[in-house]
Amino acid sequence: MSELKISLRRIAEDGFTRNDEILADDSKALVPQVGFDLLSDIKKNLLTVVTQIVFVTPEKEVAVGLRFRYTLEVDSLTDLQYVTNAEKGTHDYRFPDGFMEAVMTDVYATGRVLMAQKLVGTRLEGAYLPFGGANSLIQMMKRK
């Protein structure tokens, strides 16, 4: 397999929600959670990581939530495809070692910056996503 050529094509926010009532209540603990989906457009060689970051209470009330898309152009994405499930409309890829780890680390860092900008002026202003949190995303991705 030849070396992949990768270009960042777009980072786009899909939406942001903020519950000022929960944010104003210092008695409510808030915990960050991150989730993602991988989408591909084989004809255009695009791989998109749709990411959602939320700060929630132990009761799962959402204080703030951010959803964004991180889109890469991966030259020869079609060459990586090895299983297609037409019924589900999914594709499984065999990426080179370290590829998804690098992508998820960048996605996580991007989410950290985007969310930090949204938290200015709130009690979460100094709250960042945990250091090393990309590792949990990578493990989750490997289980999917």
Engineer: The criterion is salt bridge (charged side-chain N to carboxylate O under 4.0 Å, His left out); which residues satisfy it with Asp14, sequence neighbours excluded?
Structural biologist: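 Expected list: Arg67, Arg69.
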Engineer: Looking at residues at least two apart in the chain, or sitting in another chain, which of them share a ring-ring contact (aromatic ring centres under 6.0 Å, His included) with Phe16?
Structural biologist: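 If we apply the ring-ring contact (aromatic ring centres under 6.0 Å, His included) test to Phe16, skipping adjacent residues, there are no hits.
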Engineer: Test Val64 against Met115 for side chain to side chain contact (heavy atoms under 4.5 Å, CB included), laying out the working first.
Structural biologist: CA-CA 9 Å; Val64 292; Met115 184 58 96; 4.2 Å; yes
Engineer: Run Arg10 and Leu72 through side chain to side chain contact (heavy atoms under 4.5 Å, CB included) and show every step you take.
Structural biologist: CA-CA 7 Å; Arg10 186 172 189 209; Leu72 298 169; over 6 Å; no
Engineer: Among residues at least two apart in sequence or on other chains, which ones pass salt bridge (charged side-chain N to carboxylate O under 4.0 Å, His left out) with Lys28?
Structural biologist: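 For Lys28 the salt bridge (charged side-chain N to carboxylate O under 4.0 Å, His left out) partners, ignoring immediate neighbours, are Glu61.
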Engineer: So do Val34 and Thr51 actually touch side chain to side chain, heavy atoms under 4.5 Å?
Structural biologist: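 When only atoms from C-beta onward are counted, Val34 and Thr51 do touch, with a gap below 4.5 Å.
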Engineer: Identify the two heavy atoms, one from Ala127 and one from Leu119, that lie closest to each other, and give their separation to 0.1 Å.
Structural biologist: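 Heavy atoms of Ala127 and Leu119 come nearest at O-CD1, 3.9 Å.
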Engineer: Mind checking side chain to side chain contact (heavy atoms under 4.5 Å, CB included) for Gln33 and listing every partner two or more places apart, or none if nothing turns up?
Structural biologist: Val54, Val56, Lys60
Engineer: Report yes if some heavy atom in the side chain of Phe99 is under 4.5 Å from a heavy atom in the side chain of Val74; otherwise report no.
Structural biologist: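 Answer yes - side chains close enough.
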Engineer: List for me each residue that meets side chain to side chain contact (heavy atoms under 4.5 Å, CB included) alongside Asp20, sequence neighbours excluded, and say none if there are none.
Structural biologist: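 So Asp20 forms a side chain to side chain contact (heavy atoms under 4.5 Å, CB included) with Arg18, Leu23.
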Engineer: Does a side-chain heavy-atom distance below 4.5 Å link Leu30 with Arg123?
Structural biologist: yes
Engineer: Walk me through whether Leu47 and Phe95 qualify under side chain to side chain contact (heavy atoms under 4.5 Å, CB included).
Structural biologist: CA-CA 12 Å; Leu47 180 67; Phe95 292 108; 4.0 Å; yes
Engineer: Taking the side chain as everything from C-beta on, heavy atoms only, tell me whether Val49 gets closer than 4.5 Å to Phe68.
Structural biologist: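 Sidechains of Phe68 and Val49: no contact.
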Engineer: Please identify each residue that fulfils salt bridge (charged side-chain N to carboxylate O under 4.0 Å, His left out) with Glu13, with sequence neighbours left out.
Structural biologist: Lys118
Engineer: Can you confirm whether Glu59 is buried at CD, in the sense that more than 12 heavy atoms of other residues, nucleotides or ligands lie under 6.0 Å from that atom?
Structural biologist: yes
Engineer: About how many Å separate CG of Leu66 and CZ of Phe55, when rounded to the nearest 0.5 Å?
Structural biologist: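 Output value for this atom pair is 10.5 Å.
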Engineer: For residues Ala29 and Pro58, report the shortest heavy-atom separation together with the two atoms involved.
Structural biologist: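 Nearest pair, atom of Ala29 first, then Pro58: O-CD, 3.4 Å.
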Engineer: Does Ser40 use its side chain to pair, donor to acceptor, with the backbone of Ile42 at less than 3.5 Å?
Structural biologist: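 The answer is no, because no donor-acceptor pair under 3.5 Å joins these two groups.
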Engineer: Please examine the side chains of Ile22 and Thr57, heavy atoms only from C-beta on, and report whether any two atoms are closer than 4.5 Å.
Structural biologist: yes
Engineer: Using modelled atom types only, decide if a donor and an acceptor are shared between the side chain of Thr48 and the backbone of Val50 within a distance under 3.5 Å.
Structural biologist: no
Engineer: Does Val107 share a hydrophobic cluster with Ile11, counting links as ILVMFWY side-chain heavy atoms below 4.5 Å and allowing steps through other members?
Structural biologist: yes
Engineer: Going through the distances and angles, do Asp75 and Ile6 end up as a side chain to side chain contact (heavy atoms under 4.5 Å, CB included)?
Structural biologist: CA-CA 6 Å; Asp75 194 33; Ile6 302 156; over 6 Å; no
